[in-house]
Amino acid sequence: MSKAKVRKVAVLLAAAMVAVLLGGCGLSFDASGYVKALLDNSYKGDPTAFVEQKVGTKEQAQELYKQGIDTEMKSLTSEADVSEELEAEFREVIENVFKKVKYTVGESTRKGDSYEVVVKYQKMNIFASAMESFNTSSQAYVEEVSNKAENGEETSEKEVNEQIFTLLKDALKDAMENPSYADEASTIIHVELKNNIWAPNEADVQNLEKLLFDMDVLEGMQ
(Lines give C-alpha, C1' and ligand atoms only; values in the text may rest on other atoms or scores of the structure.)
Protein backbone atom coordinates (compact mmCIF):
# COMPACT_ATOMS: atom_id res chain seq x y z
CA MET A 1 0.00 0.00 0.00
CA SER A 2 1.51 3.34 -1.02
CA LYS A 3 2.10 6.16 1.41
CA ALA A 4 -0.07 8.38 -0.76
CA LYS A 5 -2.96 6.04 -0.21
CA VAL A 6 -2.44 6.08 3.57
CA ARG A 7 -2.66 9.87 3.51
CA LYS A 8 -5.96 9.68 1.70
CA VAL A 9 -7.51 8.21 4.83
CA ALA A 10 -7.35 11.76 6.21
CA VAL A 11 -8.87 13.49 3.20
CA LEU A 12 -12.38 14.61 4.11
CA LEU A 13 -15.34 15.26 1.91
CA ALA A 14 -14.40 18.52 0.21
CA ALA A 15 -15.64 17.43 -3.20
CA ALA A 16 -19.00 16.47 -1.76
CA MET A 17 -19.31 19.73 0.11
CA VAL A 18 -18.44 21.83 -2.91
CA ALA A 19 -20.90 19.90 -5.04
CA VAL A 20 -23.85 20.86 -2.84
CA LEU A 21 -25.14 24.20 -4.11
CA LEU A 22 -27.99 26.33 -2.90
CA GLY A 23 -29.76 28.41 -5.54
CA GLY A 24 -31.08 31.92 -5.04
CA CYS A 25 -29.72 35.10 -3.53
CA GLY A 26 -32.55 36.24 -1.29
CA LEU A 27 -31.86 38.30 1.80
CA SER A 28 -33.09 35.44 3.99
CA PHE A 29 -30.13 33.25 3.10
CA ASP A 30 -28.58 31.85 6.28
CA ALA A 31 -24.89 31.41 5.47
CA SER A 32 -24.00 30.04 8.90
CA GLY A 33 -26.83 27.53 8.76
CA TYR A 34 -25.78 26.56 5.26
CA VAL A 35 -22.17 25.88 6.27
CA LYS A 36 -23.34 23.93 9.31
CA ALA A 37 -25.61 21.86 7.09
CA LEU A 38 -22.71 20.96 4.79
CA LEU A 39 -20.30 20.17 7.61
CA ASP A 40 -22.78 18.12 9.63
CA ASN A 41 -23.74 16.04 6.63
CA SER A 42 -20.19 15.59 5.33
CA TYR A 43 -18.48 14.77 8.62
CA LYS A 44 -21.22 13.49 10.90
CA GLY A 45 -23.58 11.93 8.40
CA ASP A 46 -26.32 14.05 9.99
CA PRO A 47 -28.80 15.42 7.42
CA THR A 48 -30.93 17.41 9.89
CA ALA A 49 -29.62 20.89 9.07
CA PHE A 50 -29.21 19.90 5.41
CA VAL A 51 -32.98 19.40 5.18
CA GLU A 52 -33.89 22.35 7.41
CA GLN A 53 -31.80 24.72 5.30
CA LYS A 54 -33.45 23.36 2.16
CA VAL A 55 -30.11 22.42 0.66
CA GLY A 56 -31.75 19.16 -0.38
CA THR A 57 -33.84 16.25 0.79
CA LYS A 58 -32.86 13.72 3.41
CA GLU A 59 -32.38 11.14 0.67
CA GLN A 60 -30.09 13.49 -1.26
CA ALA A 61 -28.08 14.20 1.89
CA GLN A 62 -27.66 10.50 2.62
CA GLU A 63 -26.63 9.79 -0.97
CA LEU A 64 -24.11 12.63 -0.87
CA TYR A 65 -22.62 11.33 2.38
CA LYS A 66 -22.46 7.81 0.95
CA GLN A 67 -20.69 9.04 -2.18
CA GLY A 68 -18.14 10.85 -0.04
CA ILE A 69 -17.35 7.72 1.97
CA ASP A 70 -17.32 5.67 -1.25
CA THR A 71 -14.69 8.04 -2.63
CA GLU A 72 -12.53 7.60 0.46
CA MET A 73 -12.84 3.83 0.34
CA LYS A 74 -12.10 3.70 -3.38
CA SER A 75 -8.93 5.72 -2.86
CA LEU A 76 -7.84 3.23 -0.23
CA THR A 77 -8.81 -0.08 -1.76
CA SER A 78 -8.96 0.47 -5.53
CA GLU A 79 -5.70 -1.41 -6.08
CA ALA A 80 -5.98 -3.80 -3.15
CA ASP A 81 -7.61 -7.19 -3.09
CA VAL A 82 -9.45 -7.12 0.23
CA SER A 83 -12.56 -8.93 1.31
CA GLU A 84 -15.97 -7.26 1.38
CA GLU A 85 -16.14 -7.91 5.11
CA LEU A 86 -12.88 -6.08 5.79
CA GLU A 87 -13.88 -3.22 3.48
CA ALA A 88 -17.14 -2.84 5.42
CA GLU A 89 -15.26 -2.80 8.73
CA PHE A 90 -12.79 -0.24 7.41
CA ARG A 91 -15.66 1.90 6.14
CA GLU A 92 -17.23 1.95 9.58
CA VAL A 93 -13.95 3.04 11.15
CA ILE A 94 -13.54 5.91 8.65
CA GLU A 95 -17.10 7.06 9.30
CA ASN A 96 -16.50 7.03 13.05
CA VAL A 97 -13.25 8.96 12.71
CA PHE A 98 -15.06 11.71 10.80
CA LYS A 99 -17.81 11.84 13.41
CA LYS A 100 -15.32 12.66 16.17
CA VAL A 101 -14.22 15.98 14.66
CA LYS A 102 -14.96 19.02 16.80
CA TYR A 103 -16.21 22.24 15.24
CA THR A 104 -18.75 24.96 15.94
CA VAL A 105 -20.17 27.17 13.21
CA GLY A 106 -20.44 30.77 14.35
CA GLU A 107 -21.92 33.95 12.95
CA SER A 108 -21.62 35.12 9.38
CA THR A 109 -20.83 38.54 7.96
CA ARG A 110 -21.93 39.59 4.51
CA LYS A 111 -19.39 41.35 2.33
CA GLY A 112 -20.72 42.08 -1.13
CA ASP A 113 -21.39 38.86 -2.99
CA SER A 114 -19.97 36.65 -0.26
CA TYR A 115 -20.34 35.77 3.40
CA GLU A 116 -17.59 35.15 5.90
CA VAL A 117 -18.59 32.34 8.23
CA VAL A 118 -16.54 31.75 11.37
CA VAL A 119 -15.84 28.11 12.18
CA LYS A 120 -14.27 27.30 15.54
CA TYR A 121 -12.51 23.94 15.77
CA GLN A 122 -10.20 21.78 17.83
CA LYS A 123 -7.67 19.79 15.85
CA MET A 124 -8.01 16.08 16.56
CA ASN A 125 -4.70 14.31 17.07
CA ILE A 126 -5.29 10.79 15.84
CA PHE A 127 -2.96 10.01 12.95
CA ALA A 128 0.31 10.32 14.84
CA SER A 129 -0.58 7.57 17.29
CA ALA A 130 -2.36 5.50 14.64
CA MET A 131 0.59 5.53 12.25
CA GLU A 132 3.08 4.80 15.02
CA SER A 133 1.07 1.74 15.96
CA PHE A 134 0.56 0.73 12.32
CA ASN A 135 4.26 1.06 11.47
CA THR A 136 5.23 -1.14 14.40
CA SER A 137 2.66 -3.84 13.66
CA SER A 138 3.22 -3.82 9.89
CA GLN A 139 7.00 -4.12 10.28
CA ALA A 140 6.50 -7.08 12.57
CA TYR A 141 4.18 -8.65 10.02
CA VAL A 142 6.66 -8.09 7.17
CA GLU A 143 9.34 -9.83 9.21
CA GLU A 144 6.95 -12.70 9.86
CA VAL A 145 6.22 -13.10 6.16
CA SER A 146 9.93 -12.90 5.34
CA ASN A 147 10.74 -15.61 7.87
CA LYS A 148 8.04 -17.84 6.41
CA ALA A 149 9.43 -17.29 2.93
CA GLU A 150 12.88 -18.33 4.09
CA ASN A 151 11.32 -21.54 5.40
CA GLY A 152 9.59 -22.19 2.10
CA GLU A 153 6.14 -20.99 3.18
CA GLU A 154 4.45 -18.78 0.62
CA THR A 155 2.07 -15.96 1.55
CA SER A 156 -0.32 -14.84 -1.18
CA GLU A 157 -0.64 -11.20 -2.19
CA LYS A 158 -4.30 -11.31 -1.21
CA GLU A 159 -3.41 -12.53 2.28
CA VAL A 160 -0.78 -9.80 2.66
CA ASN A 161 -3.20 -7.08 1.53
CA GLU A 162 -5.87 -8.37 3.88
CA GLN A 163 -3.52 -8.34 6.85
CA ILE A 164 -1.96 -4.94 6.11
CA PHE A 165 -5.36 -3.30 5.78
CA THR A 166 -6.53 -5.06 8.93
CA LEU A 167 -3.54 -3.64 10.80
CA LEU A 168 -4.24 -0.13 9.49
CA LYS A 169 -7.92 -0.42 10.36
CA ASP A 170 -7.12 -1.64 13.87
CA ALA A 171 -4.56 1.15 14.40
CA LEU A 172 -7.10 3.80 13.43
CA LYS A 173 -9.79 2.17 15.51
CA ASP A 174 -7.58 2.05 18.59
CA ALA A 175 -6.45 5.66 18.15
CA MET A 176 -10.04 6.75 17.69
CA GLU A 177 -11.03 5.41 21.11
CA ASN A 178 -9.12 8.14 22.95
CA PRO A 179 -8.04 10.96 20.63
CA SER A 180 -6.60 14.17 22.02
CA TYR A 181 -7.64 17.63 20.87
CA ALA A 182 -5.70 20.87 20.53
CA ASP A 183 -6.91 24.15 21.97
CA GLU A 184 -9.79 25.83 20.17
CA ALA A 185 -8.93 27.99 17.17
CA SER A 186 -10.97 29.51 14.36
CA THR A 187 -10.97 29.83 10.60
CA ILE A 188 -13.17 31.46 7.95
CA ILE A 189 -15.28 29.73 5.33
CA HIS A 190 -16.32 32.07 2.54
CA VAL A 191 -19.67 31.38 0.92
CA GLU A 192 -19.69 33.03 -2.47
CA LEU A 193 -22.44 33.97 -4.92
CA LYS A 194 -21.64 32.92 -8.46
CA ASN A 195 -24.22 32.71 -11.24
CA ASN A 196 -26.99 33.20 -8.64
CA ILE A 197 -25.77 30.19 -6.66
CA TRP A 198 -24.27 30.19 -3.18
CA ALA A 199 -21.34 27.82 -2.71
CA PRO A 200 -18.48 27.46 -0.20
CA ASN A 201 -15.01 28.51 -1.31
CA GLU A 202 -13.15 25.35 -2.27
CA ALA A 203 -9.78 26.50 -0.92
CA ASP A 204 -11.37 27.30 2.45
CA VAL A 205 -12.95 23.86 2.60
CA GLN A 206 -9.66 22.16 1.76
CA ASN A 207 -7.92 24.23 4.42
CA LEU A 208 -10.50 23.18 7.00
CA GLU A 209 -9.69 19.54 6.26
CA LYS A 210 -6.09 20.14 7.31
CA LEU A 211 -7.14 22.02 10.44
CA LEU A 212 -9.49 19.36 11.79
CA PHE A 213 -6.89 16.56 11.89
CA ASP A 214 -3.17 16.22 12.57
CA MET A 215 -2.58 15.70 8.86
CA ASP A 216 0.82 17.39 9.08
CA VAL A 217 2.07 14.12 10.58
CA LEU A 218 1.43 12.46 7.23
CA GLU A 219 2.93 15.14 4.97
CA GLY A 220 6.41 13.60 4.97
CA MET A 221 5.07 10.16 4.10
CA GLN A 222 4.14 10.93 0.49
Side-chain angles (χ1 to χ4, degrees), residues 1-16 41-46 62-102 122-182 206 208-222:
M1 180 176 53
S2 69
K3 294 178 180 179
K5 284 187 175 293
V6 173
R7 186 187 184 283
K8 288 181 180 178
V9 177
V11 177
L12 304 182
L13 308 180
N41 193 62
S42 293
Y43 293 114
K44 311 288 188 177
D46 181 359
Q62 292 173 334
E63 178 59 25
L64 179 62
Y65 177 70
K66 178 180 179 298
Q67 289 175 0
I69 299 297
D70 286 346
T71 298
E72 298 306 317
M73 294 306 303
K74 185 177 181 179
S75 71
L76 284 165
T77 62
S78 61
E79 298 177 9
D81 186 10
V82 298
S83 66
E84 292 183 1
E85 180 180 1
L86 176 56
E87 187 169 346
E89 292 175 357
F90 209 132
R91 183 188 187 93
E92 182 178 1
V93 170
I94 296 301
E95 290 176 351
N96 288 332
V97 168
F98 289 165
K99 289 176 182 178
K100 281 187 174 286
V101 297
K102 290 187 177 183
Q122 289 180 263
K123 177 174 285 189
M124 180 167 69
N125 298 307
I126 183 173
F127 289 104
S129 59
M131 295 314 300
E132 181 179 0
S133 174
F134 171 69
N135 288 336
T136 298
S137 59
S138 60
Q139 287 174 10
Y141 177 64
V142 168
E143 291 178 4
E144 178 185 333
V145 171
S146 296
N147 290 334
K148 286 184 177 180
E150 291 178 359
N151 293 325
E153 298 180 49
E154 293 187 3
T155 305
S156 68
E157 182 177 350
K158 179 178 177 60
E159 183 179 347
V160 171
N161 283 332
E162 191 84 359
Q163 184 60 23
I164 290 294
F165 275 90
T166 297
L167 294 174
L168 179 57
K169 178 208 67 174
D170 290 345
L172 283 170
K173 186 175 181 179
D174 290 344
M176 182 183 63
E177 293 301 319
N178 189 32
S180 63
Y181 294 86
Q206 292 173 344
L208 180 61
E209 297 174 356
K210 299 177 182 179
L211 298 175
L212 287 172
F213 298 90
D214 58 339
M215 294 178 66
D216 53 310
V217 173
L218 306 179
E219 292 295 336
M221 297 180 58
Q222 300 181 60

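Side-chain contact check for K100 versus Y181: some heavy-atom pair is nearer than 4.5 Å. With a 4.5 Å cut-off on side-chain heavy atoms, F134 and F127 do not count as touching. Considering only heavy atoms from C-beta on, Y43 comes within 4.5 Å of E209 through its side chain.
Judged purely by atom type and a 3.5 angstrom limit, E95 has no side-chain atom pairing as donor or acceptor with the backbone of I69. Remark: the backbone N or O of V101 is paired with a side-chain donor or acceptor of K44 at under 3.5 angstrom. A distance-only check finds a donor-acceptor pair linking the side chain of S146 to the backbone of V142 [under 3.5 Å]. A distance-only check finds no donor-acceptor pair linking the side chain of N161 to the backbone of V82 [under 3.5 Å].
Annotation: the span from K123 atom NZ to S180 atom OG amounts to 11.5 Å, rounded to 0.5 Å. Rounding to the nearest 0.5 angstrom, the gap separating the CG atom in D70 from the OH atom in Y65 is 10.5 Å. Note that the OG atom of S129 and the CG atom of D174 stand 9.0 Å from one another [nearest 0.5 Å]. Here CG of L168 is found 6.0 Å from CE of M131. Values are rounded to the nearest 0.5 Å. How far OG of S156 is from CD of E162: 9.5 Å, rounded to the nearest 0.5 Å. Taking OG1 of T71 as the start and CD of Q67 as the end, the distance is 7.0 Å to the nearest 0.5 Å.
With a 6.0 Å radius and a threshold of 12 heavy atoms from other residues, nucleotides or ligands, E177 has its CD atom above the threshold. Sparse packing is recorded around CG of N178, with 12 or fewer heavy atoms of other residues, nucleotides or ligands lying under 6.0 Å away. Open room surrounds CD on E84; 12 or fewer heavy atoms of other groups in view lie less than 6.0 Å from it.
Partners of V160 by side chain to side chain contact (heavy atoms under 4.5 Å, CB included), not counting sequence neighbours, listed by chain and number: Y141, T155, I164. Residues satisfying the side chain to side chain contact (heavy atoms under 4.5 Å, CB included) criterion with N96, sequence neighbours excluded, are E92, K99, M176. Shown here are the side chain to side chain contact (heavy atoms under 4.5 Å, CB included) partners of L211, two or more places apart in sequence or in another chain: Y121, T187, N207.
Of the charged side-chain nitrogens involved, none lies within less than 4.0 Å of a carboxylate oxygen, so that R91 and E87 do not count as a salt-bridged pair. With salt bridges taken as basic N to acidic carboxylate O contacts below 4.0 Å, one links E144 and K148.
Under the 3.5 Å distance criterion, with hydrogens and angles disregarded, no donor-acceptor pair is assigned to the side chains of Q139 and E143.
Closest heavy-atom contact between L172 and F90: CD1-CE2, 4.1 Å. Closest non-hydrogen pair, M124 versus V97, comes out as CE-O, 3.6 Å. In this structure, A130 and A171 approach most closely via the heavy-atom pair O-CB, 3.3 Å. Between I126 and D214 the shortest heavy-atom distance is N-OD1, 3.2 Å.
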